[in-house]
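No hydrogens, no waters, no symmetry mates; every other heavy atom, side chains included, goes into these values.
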Amino acid sequence: MRKKKGSRYSGIGGQAVLEGVMMRNKDDYAVAVRKPNGEIEVELDVFHGCMHGSRLVNIPFIRGIFNFIDSLRLGMRTLNYSASFYEDEDAKETGLDKALDKVSGGRGESILMGITTVFSVILAVAIFILLPYFLSGFLAEYVRNASLLAILEGAIRIIIFLAYVVGISLMKDIHRLYQYHGAEHKCINCIEKGRPLTVHNVMRSSRIHKRCGTSFLFFVMFVSIILFFFIRVDNTALKVLLRIALIPVIAGISYEIIRLAGRSDNIFVRIISAPGMLLQRLTTREPDESMVEVAMKSVEAVFDWKAYLQETFGYEIDDSWLTDEGANEEEEDGV
């Protein structure tokens with residue numbers, strides 16, 4: 001007998017990369033990339049977080065900080081891997097590359113990746129955390145109410161974030177990245193809805209998912225507005241320091257919210273998830289079938305979706321389910 005239908009948490013997640021998709025299941029991750037010759041290359045590896053084995057990764061509100069750091073590290077690693085298939089073969093090694101390799105014993109690429117990640121975080125903090133504060137400061141002469149000024153700072157932060165998302169979505173390469181982002185979501189939604197992982201089923205699944213990083217970033221914006229509204233100091237230097245110091249707290253709280261959203265479907269969760277899911281309509285695009293095939297390869301490398309469907313939804317998949325005919329029969333059954 002089948003178990004109750006509906007979306008179920010699978011535990012897998014991922015991200016779009018250049019012409020491909022990365023999927024992660026616990027410590028295992030796979031990157032599937034469509035190479036320039038049309039073939040799909042799949043790399044399977046293990047990723048241990050910066051606090052692997054520590055009890056801290058199980059403590060609510062603290063684990064989110066390390067999860068965020070690990071997501072940045074793994075994301076940069078997999079993006080670099082996918083980009084390696086499209087690098088100019090005639091590109092020569094620079095003097096900086098040679099110097100870093102010599103000093104680090106051949107780990108120059110890893111060091112550059114770390115520097116790039118740190119610089120990206122600093123730039124993000126400057127644009128989305130500090131810039132709104134300084135811009136709202138120009139309004140202080142006209143707005144005497146501190147509470148209203150804090151709300152205006154939050155509004156400016158959201159406007160900058162939305163402008164950034166819309167702006168990069170207009171770039172051709174980012175549009176394709178967003179299509180692979182959609183393919184990633186569709187694959188996860190497909191199996192979490194109890195459907196066999198076929199191109200047909202994935203294509204008809206939603207490209208919007210509650211555990212998306214876009215939703216996480218929206219929660220970061222929302223939580224920051226609340227914290228900066230209630231936690232105040234008068235000194236300008238302390239205000240700047242406070243906004244930087246609270247970033248780990250904001251990340252920890254936002255992680256717990258997105259984690260709750262991925263495991264629950266009550267009315268409260270649906271309400272708080274709605275803005276982020278609406279924003280995903282900008283950061284995801286409908287993929288074509290070739291993109292879905294890449295995403296499926298990534299899922300299958302790290303996740304036994306057939307066993308998941310049997311354990312979670314109570315039915316066993318045979319080969320007839322993996323054809324368009326089998327998928328159409330499933331639709332008639334209302335799965």
I'd like to know if the side chain of [X] and the backbone of [Y] have a donor-acceptor N/O pair within less than 3.5 Å.
{"X": "S215", "Y": "R211", "result": "no"}
{"X": "T284", "Y": "Y178", "result": "no"}
{"X": "R285", "Y": "R281", "result": "yes"}
{"X": "S169", "Y": "V166", "result": "yes"}
{"X": "K297", "Y": "A32", "result": "no"}
{"X": "D27", "Y": "H48", "result": "no"}
{"X": "R34", "Y": "V294", "result": "no"}

Check: [Y] and [X] side chains under 4.5 Å, non-hydrogen atoms:
{"X": "Y29", "Y": "R77", "result": "yes"}
{"X": "F216", "Y": "F68", "result": "yes"}
{"X": "L152", "Y": "V143", "result": "yes"}
{"X": "L279", "Y": "L162", "result": "yes"}
{"X": "V33", "Y": "L18", "result": "no"}

Please list, chain by chain and in numerical order, all residues satisfying ring-ring contact (aromatic ring centres under 6.0 Å, His included) with [X], sequence neighbours excluded.
{"X": "H175", "answer": "none"}
{"X": "F47", "answer": "none"}
{"X": "H209", "answer": "none"}

Would you confirm whether the ring centroid of Y308 sits within less than 6.0 angstrom of the ring centroid of F303?
-> yes
What do you reckon, are the aromatic ring centroids of F85 and Y81 less than 6.0 Å apart?
-> yes
Steps toward side chain to side chain contact (heavy atoms under 4.5 Å, CB included) verdict (H181, T214) | CA-CA 11 Å; H181 189 192; T214 303; 3.9 Å; yes
If we ignore angles and hydrogens, is there a donor and acceptor under 3.5 Å between the side chains of [X] and [Y]?
{"X": "E192", "Y": "S10", "result": "yes"}
{"X": "R8", "Y": "T312", "result": "no"}
{"X": "R204", "Y": "N201", "result": "yes"}
{"X": "E19", "Y": "S82", "result": "no"}

Contact summary for [X] and [Y], nearest pair of heavy atoms:
{"X": "S264", "Y": "K210", "result": "O-NZ, 2.6 Å"}
{"X": "E286", "Y": "Q179", "result": "O-NE2, 3.1 Å"}
{"X": "L197", "Y": "M296", "result": "O-CE, 3.3 Å"}
{"X": "V302", "Y": "N25", "result": "O-ND2, 3.0 Å"}
{"X": "K186", "Y": "S205", "result": "NZ-O, 2.6 Å"}
{"X": "I208", "Y": "S206", "result": "N-OG, 3.0 Å"}

Among N266, I267, I272, whose side chain to side chain contact (heavy atoms under 4.5 Å, CB included) with R270 holds?
-> I267
Do NZ/NE/NH1/NH2 and the carboxylate oxygens of R157 and E153 come within less than 4.0 Å?
-> yes
Does one hydrophobic cluster hold both [X] and [Y], with members joined at side-chain heavy-atom distances below 4.5 Å?
{"X": "I12", "Y": "V292", "result": "yes"}
{"X": "L246", "Y": "F161", "result": "yes"}
{"X": "V165", "Y": "L79", "result": "no"}
{"X": "L72", "Y": "I69", "result": "no"}
{"X": "I59", "Y": "I258", "result": "no"}

Between V240 and L238, does a side chain to side chain contact (heavy atoms under 4.5 Å, CB included) hold up when you go through it step by step?
-> CA-CA 5 Å; V240 173; L238 285 178; over 6 Å; no
Out of curiosity, [X] [atom1] to [Y] [atom2], how far, rounded to the nearest 0.5 Å?
{"X": "E293", "Y": "I40", "atom1": "CD", "atom2": "CD1", "value": "6.0 Å"}
{"X": "Y180", "Y": "E184", "atom1": "OH", "atom2": "CD", "value": "13.0 Å"}
{"X": "S54", "Y": "I62", "atom1": "OG", "atom2": "CD1", "value": "9.5 Å"}
{"X": "F219", "Y": "L217", "atom1": "CZ", "atom2": "CG", "value": "11.0 Å"}
{"X": "D28", "Y": "M23", "atom1": "CG", "atom2": "CE", "value": "14.5 Å"}
{"X": "K35", "Y": "S84", "atom1": "NZ", "atom2": "OG", "value": "10.0 Å"}

Could you go step by step and tell me if R24 and L74 meet the side chain to side chain contact (heavy atoms under 4.5 Å, CB included) rule?
-> CA-CA 10 Å; R24 183 180 180 185; L74 182 58; 3.7 Å; yes
R263 NZ/CZ over Y9 ring centroid, <6.0 Å and within 45° of normal = yes
Check residues 221-232 and write down every donor-acceptor pair under 3.5 Å in which the side-chain atom is one partner and the other belongs to a residue at least two apart or another chain.
unit_1 : atom_1 : unit_2 : atom_2 : d
S224   : OG     : V220   : O      : 3.2
S224   : OG     : M221   : O      : 2.6
R232   : NE     : F229   : O      : 2.6
R232   : NH2    : S147   : OG     : 3.0
R232   : NH2    : F229   : O      : 3.0

Under the side-chain contact (heavy atoms from CB on, under 4.5 Å) test, which residues partner D234, sequence neighbours left out?
-> none
With a cut-off of 3.5 Å and sequence neighbours excluded, list every side-chain donor-acceptor pair involving residues 112-135.
unit_1 : atom_1 : unit_2 : atom_2 : d
T116   : OG1    : L112   : O      : 2.8
T117   : OG1    : M113   : O      : 2.9
S120   : OG     : T116   : O      : 2.8

Above 12 or not: heavy atoms from other molecules or residues under 6.0 Å from NZ of K26?
-> no
Greater than 12 external heavy atoms within 6.0 Å of Y164's OH | no
From CA spacing to verdict: side chain to side chain contact (heavy atoms under 4.5 Å, CB included), I257, I253 = CA-CA 6 Å; I257 298 175; I253 296 173; 4.1 Å; yes
Stepwise salt bridge (charged side-chain N to carboxylate O under 4.0 Å, His left out) check, D70 with R73 | CA-CA 5 Å; D70 292 338; R73 291 174 57 213; 3.4 Å; yes
